[in-house]
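Reading through the structure tokens given below for one structure.
Computed from heavy atoms alone, side chains included, the values below leave out hydrogens, waters and symmetry copies.
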Amino acid sequence: MVTIKEIAERAKVSRTTVSRVINNSGYVSEDAKKRVLKVIADTGYVPNQYAKSLRTKSTKVIGVILPKISTETSSRLVKGLDEILSKEGYQILLTITNLDPNKEIEYLKLLKSRNVDGIILSATNINEVLIEEIYQGEVPFVTVGQHIAGLANVLFDDYRASRDMVNLFVEKGHKKIAFIGVDEQDHSVGYLRKQGYLNGLEEYGLTVEEKWIQKGKFDVESGYESMKSIMEDTKQKPSAVLAVTDRLAIGAIRYLEGIGLSVPKDIAVAGMGGSELSKYITPSLTTIDFSIEDAGREAAKLLLTQIDGSSCKDVIRLIDHRLLNHFSI
């Protein structure tokens, strides 16, 4: 393995000059810089990142905490993050909680111990223990999808998105609209999307049937079972159903098809999330795209701003959403 000493000898400069070129710090004449870079290129020298981090106190690693790795939302978020961070020479260290709040705390402590340059958290449940752990330490921090006071936050307008979907149902003539949600401990997806639904019905003077409101998890099976409960437990059937994720909506469609009903002829179904899969089921799913890649890019930019020394306290970046009106309503 080529050393800095050998590069210095070949380029006929001091080891300090080689170090300055590698770290892009301090004055080096153009002639000396060209000689050093040529030797580096000829030898294929790669700086020892660990040793460099000891000198600069920078690991060039960003920790990312995700609730799931198998979802399209997570992959799109990471894509947006990497697009910005890789250009600045940063690597991403992923941790996956599998929706376990205790894992969020565990991985937060782990990433801090690894001296990452910053942390990006896509959390599902915000609790006091998690917030307290976040506030301890000086690591630059950005949350995506959930709001935490005093931090940099990248958020989606979950409430407005749900209201927009209710508006669309009403425009299509629907007055009996059911709802499949998730646990309201997830403030954004569970609570805000439900409030958007409830307030949307109230705005139009529509009746809220308690049995038309079901709570599932973030998977297709929960959508199937929730739709089953709605259809079996009520004498009066809804004409439409809003699910807070595309997976839940797809599960609902599968149940309705299984009992011989046609979507949207007999009952309309809409999801939220703008998943790629929504285009390829039959009928293609009406959904809302939250521009997840844009959220990743904004989160990365906010983190880099903090790493550069600027404060992003209480900064909020609200990401636009758009309706993908396919054929299921």
With a 4.0 Å cut-off on N to O distance, would you call D31 and K12 a salt bridge? no
Sequence neighbours excluded, the answer for side-chain hydrogen bond (donor to acceptor under 3.5 Å, both in side chains) partners of E202 is none
Ion pair check, E133 and K112, cut-off under 4.0 Å = yes
Taken in chain and number order and not counting sequence neighbours, the residues that satisfy ring pair (Phe, Tyr, Trp, His ring centres under 6.0 Å) with Y159 are none
Taken in chain and number order and not counting sequence neighbours, the residues that satisfy side chain to side chain contact (heavy atoms under 4.5 Å, CB included) with E132 are Q136
Heavy-atom closest pair (P101 atom, N127 atom, distance to 0.1 Å) is CB-ND2, 4.2 Å
Residues 213-222 vs side chain to side chain donor-acceptor pair (under 3.5 Å), sequence neighbours excluded, gives D219-S222
Residues L248 and V244: closest non-hydrogen pair is CD1-CG2, 3.8 Å
Discussion item. Counting only heavy atoms not in E232 (residues, nucleotides, ligands), do more than 12 fall under 6.0 Å from its CD?
Written reply: yes
task = Please check if the side chain of S291 supplies one atom and the backbone of D294 the other of a donor-acceptor pair under 3.5 Å.
result = no
Sequence neighbours excluded, the answer for side-chain hydrogen bond (donor to acceptor under 3.5 Å, both in side chains) partners of Y204 is N167
Under 3.5 Å, is there a donor-acceptor pair between the side chain of D158 and the main chain of R193? no
Across all chains, not counting sequence neighbours, the side chain to side chain contact (heavy atoms under 4.5 Å, CB included) partners of R160 are D157, R163, D164, H321
Using atom types as modelled, flag every donor-acceptor pair under 3.5 Å from a side chain in residues 303-317 to any protein atom, sequence neighbours excluded.
| from | atom 1 | to | atom 2 | distance (Å) |
| --- | --- | --- | --- | --- |
| T305 | OG1 | K301 | O | 2.9 |
| Q306 | OE1 | F141 | N | 3.4 |
| Q306 | NE2 | F141 | O | 3.1 |
| Q306 | NE2 | L302 | O | 3.4 |
| S311 | OG | K313 | N | 3.4 |
| D314 | OD1 | G150 | N | 2.5 |

K194 meets the side-chain hydrogen bond (donor to acceptor under 3.5 Å, both in side chains) criterion, sequence neighbours left out, with E184
For residues 168-178, run the donor-acceptor check on the side chains, cut-off 3.5 Å, and write out each pair with its distance to 0.1 Å, sequence neighbours left out.
| from | atom 1 | to | atom 2 | distance (Å) |
| --- | --- | --- | --- | --- |
| H174 | ND1 | S239 | O | 3.4 |
| H174 | ND1 | S239 | OG | 2.9 |

Closer than 3.5 angstrom, by distance alone: can the side chain of S284 be matched with the main-chain N or O of I281 as a donor-acceptor pair? no
Can you give me every donor-acceptor pair (side chain of residues 260-267, partner residue at least two apart or in another chain, under 3.5 Å) with its distance?
| from | atom 1 | to | atom 2 | distance (Å) |
| --- | --- | --- | --- | --- |
| D266 | OD2 | S262 | N | 2.7 |

Those residues at least two apart in sequence (or on a different chain) that pass ring pair (Phe, Tyr, Trp, His ring centres under 6.0 Å) with F179 are Y197
side-chain hydrogen bond (donor to acceptor under 3.5 Å, both in side chains) filter on D183, not counting sequence neighbours, yields none
